[in-house]
*Asks:* 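This is the structure, below, for whatever I ask next.
In what follows, every heavy atom counts, from backbone to side chain, and hydrogens, waters and symmetry copies are set aside. Every number for a ligand or one of its atoms is a count from 1 in the order of the listing.
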Amino acid sequence: MAEGPKTSSNPAKRAEHLRAELVRHEHLYYVLDAPEISDQAYDALMNELEQIEARHPELVTPDSPSQRVGGKPAEGFKKVRHSRPMLSLDNAYSAEELADWDHRAHDLAGSLPVEYTAELKLDGLSVALQFVAAEHGGARLAAGVTRGDGQEGEDVTTNIRTIRSVPLAISADKLKKAGLPQAFEVRGEVVMPEEGFLRLNEEREREGLPPAVNPRNAAAGTLRTLEPSIVANRRLVFFAYFLLINGEYFAAGQTATLDALTALGFRVNPHRGRVQTVDDMMKFIADAEKRRATLGYEIDGIVFKVDGHATQLRLGYTGRAPRWAIAYKFTAQSAITQVEGILITVGRSGKLTPTAMLTPVFVGGVTVSRATLHNADFIDRLGLLLGDWVKVERGGDVIPKVAEVVSDADHPRGKKRFEFPTNCPECGNPVVRAEDEVDWRCVNADCPAKLRESLLHFGSRGVMNIEGLGDAAVQQLLERKLVTSVADLYALTEEQLVGLERFAEKSARALLAEIENSKKAGLARLLMGLGIRYVGERTAELLAQEFGSIDAVMAANAQELERVEEVGPRISEAILEFFSRPANRVLVEKLKGAGVVMTAEKRQRTSQLEGLTFVLTGTLPKLTRDEAKQKIEAAGGKVSGSVSKKTSYLVAGEEAGSKLDKAQQLKVPILDEAELLKLLGS
Ligand code: IVH
């Protein structure tokens with residue numbers, strides 16, 4: 001890697017160099033999947049650039065890699081008309097349907113050549129990226145728009161910019177090599193890789209939210225999130241497949257389109273090919289189905305497109321889809337099997353979850369022997385009886401599900417109704433269901449299942465990260481009564497561990513080292529580890545930054561807790577409830593005594609306006625509303641849209657209207673711009 005002199009006396013040159021390097025590494029990492037440097041080395045380059053840009057704001061360029069998450073939270077999304085409608089595709093489900101389509105294409109094409117590209121049908125959502133002319137003959141990303149109704153979509157540019165596989169700028173050189181003008185449009189699919197999807201759902205579960213149904217919905221929801229930093233965290237990926245110039249498809253054909261997009265630096269799905277006959281198509285399909293399970297993202301079929309542009313034009317369009325392309329859809333993979341029993345498990349929060357125990361059956365590349373039944377209502381809705389035959393599906397979802405009860409001559413109905421337990425299967429205490437909830441819970445604080453799940457949660461990756469503290473180890477620790485709470489982990493000795501099954505001296509020492517190391521996980525991880533309802537990764541992080549210590553969190557009242565972004569009454573109540581229990585306070589003290597770190601660096605902020613709420617009205621002499629708002633927020637104040645008794649100050653400019661009247665009525669102090677600036681100390 002050419003790093004260039006770190007102490008360059010010319011910050012403009014150094015910034016330019018760093019930007020070029022960062023762009024190159026992003027392309028290597030996010031597009032080519034072939035990084036040259038470590039994440040830390042990348043972060044170091046980014047840090048250096050951010051520092052230069054902080055010292056020299058005039059050097060910040062809009063397409064700087066530091067500006068991906070630059071956008072402010074959106075207030076809503078503008079509607080944008082597409083340069084050319086974003087159509088849909090006709091579907092085929094069999095070789096016969098593909099053959100019909102192929103015949104028609106040949107008929108319509110006459111003497112023109114008919115060849116097809118084969119591409120994966122990515123299960124995400126399509127977006128259009130508009131690039132416009134930039135300085136020095138290059139192009140820059142101007143807008144990212146969702147498909148919407150096909151005619152008109154939503155402007156989600158700030159969110160699209162956070163997707164690292166989307167180049168923010170393209171050099172003149174690359175445009176020239178690809179034979180492209182400075183303005184053009186790229187269309188493709190935004191997907192959420194499975195890893196990110198599973199992580200998202202773990203997080204949602206920890207926060208007590210229902211899981212996202214599938215990666216496509218999760219990606220769509222993410223793109224419509226108003227907070228760009230959340231979008232950046234979700235690691236969406238963009239695969240490009242169309243190039244348009246002045247609203248017309250790239251005239252060199254589909255293979256040339258994919259090649260040009262690759263040359264421009266877009267991520268193009270590597271699983272693509274060219275086919276001529278239906279036999280070729282079926283081979284491509286079979287091959288893709290084999291790879292499907294290991295791709296790391298969801299696909300739901302194969303798209304075949306006529307390659308030649310002249311032939312595409314000849315074939316033309318129906319109302320809703322091009323005649324020159326078709327989607328072969330994989331049929332949802334399903335199988336019929338029998339429900340041998342229903343197992344109830346008890347989670348960390350005491351929630352009872354029913355799981356169908358199935359006669360093992362092969363579906364979509366994996367053997368399935370159990371499937372979640374979610375809750376008692378779900379079992380009722382299916383009308384499920386023990387011994388019933390059911391259809392199990394693995395469709396767009398990673399996790400198999402019970403789709404329906406099957407009943408015919410070969411599949412007689414089961415006989416016995418499943419009685420949902422009225423007592424906890426682990427501790428025998430009665431279970432309860434809150435009025436507005438679907439879940440039954442065991443509320444016995446000493447339920448062994450809760451302790452087991454709490455220990456597993458405490459040690460899991462992303463929480464206290466204690467490798468080796470898995471099912472088997474936890475089970476034995478509990479059986480031998482070596483731990484009665486997570487705090488006891490820190491008192492374990494080598495002798496105790498060596499006595500356990502499958503624990504030799506070496507593994508015992510390794511586990512103890514992991515436990516020791518976890519003391520330094522930090523306040524945010526610890527807050528998560530305690531298992532407070534709704535407190536997941538992000539909330540824990542924000543709480544840690546705001547309060548800086550567990551003592552401060554424990555001492556906070558609802559109002560103080562709710563000052564934290566994203567903490568509303570539901571979460572603050574859960575936190576207060578948790579720390580109001582003496583057992584939990586004892587636990588914290590024990591952990592503290594064991595040397596677990598319970599502090600974090602508080603977020604640095606100028607806080608002369610902390611706790612104050614401002615309302616802006618009328619036209620200010622110098623500042624725009626946005627500027628005034630930014631200044632107030634930067635100083636720790638809040639800006640609200642309407643005057644109430646809680647308003648600390650009304651800032652009024654020319655032609656202030658009803659808000660001024662209301663403030664006077666409520667005796668809210670009124671400031672002009674000069675007074676505001678004085679308050680801000682500037
Ligand atoms: S081409 C004229 N290529 O499938 C519109 N679409 O069912 C043709 N999709 O809305 C789009 N992978 O969201 C095309 N390789 C691919 C695709 C793909 C996924 C989606 C796209 C489209 C939907 C149609």
*Asks:* Checking a contact table here: which protein heavy atom is nearest atom 5 (C) of ligand 1, and how many Å away?
*Replies:*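 Of the protein heavy atoms, L87 O, 3.3 Å lies nearest.
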*Asks:* Before we go on, tell me: are the rings of Y297 and F239 under 6.0 Å apart, centre to centre?
*Replies:*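 They qualify: ring centres under 6.0 Å apart.
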*Asks:* Checking side-chain hydrogen bond (donor to acceptor under 3.5 Å, both in side chains) against E154, which of R147, K79, R224 comes through?
*Replies:*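 Looking at R147, K79, R224, the match for E154 under the side-chain hydrogen bond (donor to acceptor under 3.5 Å, both in side chains) is R224.
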*Asks:* Which ligand 1 atoms, with their elements, are less than 4.0 angstrom from a heavy-atom of L120?
*Replies:*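 Those of ligand 1 that fall under 4.0 Å from L120 are 12 (N), 15 (N), 16 (C).
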*Asks:* Which residue and non-hydrogen atom of the protein lie closest to atom 10 (O) of ligand 1, and at what distance in Å?
*Replies:*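 The closest heavy atom on the protein side is S126 OG, 3.7 Å.
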*Asks:* With a cutoff of 4.0 Å, is A327 in contact with ligand 1, counting heavy atoms of the residue only?
*Replies:*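 No; A327 lies far enough from ligand 1 that no heavy-atom distance drops under 4.0 Å.
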*Asks:* Using distance alone, decide if ligand 1 has a nitrogen or oxygen within less than 3.5 Å of any nitrogen or oxygen in Y249.
*Replies:*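 So ligand 1 has no N or O lying under 3.5 Å from an N or O of Y249.
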*Asks:* With heavy atoms under 4.0 Å as the rule, classify the contact between N269 and ligand 1 as side chain, backbone, both or neither.
*Replies:*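 For N269, no heavy atom sits under 4.0 Å from ligand 1.
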*Asks:* Quick one about S171 and D173 (side-chain donor to acceptor, distance below 3.5 Å, no hydrogens or angles considered), yes or no?
*Replies:*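 Side chains of D173 and S171: no pair found under 3.5 Å.
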*Asks:* List every atom of ligand 1 that sits less than 4.0 Å from any heavy atom of V303, numbering the atoms from 1 in the order shown and giving each element.
*Replies:*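 Those of ligand 1 that fall under 4.0 Å from V303 are 3 (N), 16 (C), 17 (C).
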*Asks:* Examine the side chains of T359 and Q338 and answer whether a donor and an acceptor come within less than 3.5 Å of each other.
*Replies:*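 No, because no side-chain N or O of T359 sits under 3.5 Å from a partner of the opposite role on Q338.
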*Asks:* How far is atom 6 (N) of ligand 1 from the closest protein heavy atom, and which atom is that?
*Replies:*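 Among all protein heavy atoms, the one nearest atom 6 (N) of ligand 1 is Y241 OH, 3.3 Å.
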*Asks:* Is the backbone of Y30 close enough, under 3.5 Å, to the side chain of R267 for a donor and an acceptor to pair up by distance?
*Replies:*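 Checking the backbone N and O of Y30 against the side chain of R267, a donor-acceptor pair under 3.5 Å is found.
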*Asks:* What do you reckon, does K305 put a non-hydrogen atom under 4.0 Å from ligand 1?
*Replies:*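 Heavy atoms of K305 do come under 4.0 Å of ligand 1.
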*Asks:* Any heavy atom of I299 sitting closer than 4.0 Å to ligand 1?
*Replies:*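 Heavy atoms of I299 never come under 4.0 Å of ligand 1.
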*Asks:* State which residue, out of I302, V303, T255, T117, fulfils the side chain to side chain contact (heavy atoms under 4.5 Å, CB included) condition with R272.
*Replies:*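 The single option meeting the side chain to side chain contact (heavy atoms under 4.5 Å, CB included) with R272 is T255.
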*Asks:* Around atom 12 (N) of ligand 1, find the nearest protein heavy atom and jot down its residue, atom name and distance.
*Replies:*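 Protein heavy atom with the smallest distance to atom 12 (N) of ligand 1: L122 N, 3.0 Å.
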*Asks:* Looking only at N/O atoms, are E119 and ligand 1 under 3.5 Å apart anywhere?
*Replies:*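 Yes, since at least one N or O of E119 sits under 3.5 Å from an N or O of ligand 1.
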*Asks:* Please evaluate residues Y328 and E97 with respect to the criterion side-chain hydrogen bond (donor to acceptor under 3.5 Å, both in side chains), reporting the C-alpha separation (whole Å), side-chain torsions for both, the decisive distance (0.1 Å), and the verdict.
*Replies:* CA-CA 9 Å; Y328 175 90; E97 288 177 12; over 6 Å; no
*Asks:* Is the cationic atom of K121 (NZ for Lys, CZ for Arg) positioned less than 6.0 Å from the six-membered ring centroid of F304 and within 45 degrees of its normal?
*Replies:*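 Output no; distance or angle outside limits.
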*Asks:* Please output the side-chain donor-acceptor pairs of residues 126-136 that fall under 3.5 Å, not counting sequence neighbours, one pair per line with the distance.
*Replies:*
none

*Asks:* Is it true that E119 and K305 have a side-chain N and a carboxylate O under 4.0 angstrom from each other?
*Replies:*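 The answer is yes: the pair qualifies as a salt bridge.
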*Asks:* Can you pull out the closest protein heavy atom to atom 4 (O) of ligand 1? Residue, atom name and distance to 0.1 Å, please.
*Replies:*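 Scanning the protein heavy atoms, the shortest distance from atom 4 (O) of ligand 1 goes to K121 NZ, 3.0 Å.
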*Asks:* Tell me which part of F242 gets within contact of ligand 1: side chain, backbone, both or neither, using heavy atoms under 4.0 Å.
*Replies:*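 The answer is the side chain.
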*Asks:* With a heavy-atom distance limit of 4.0 Å, tell me whether P322 approaches ligand 1 through its side chain, its backbone, both, or neither.
*Replies:*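 The side chain, only.
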*Asks:* Can you pull out the closest protein heavy atom to atom 9 (N) of ligand 1? Residue, atom name and distance to 0.1 Å, please.
*Replies:*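 Going atom by atom, the protein heavy atom closest to atom 9 (N) of ligand 1 ends up being E189 OE1, 3.5 Å.
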*Asks:* Taking the ring of W324 and the ring of Y116, is the distance between their centroids below 6.0 Å?
*Replies:*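 Centroid separation for Y116 and W324: 6.0 Å or greater.
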*Asks:* Any idea which protein heavy atom is nearest atom 8 (C) of ligand 1, and the distance to it?
*Replies:*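 Going by distance alone, atom 8 (C) of ligand 1 is nearest to L89 CD2, 3.5 Å.
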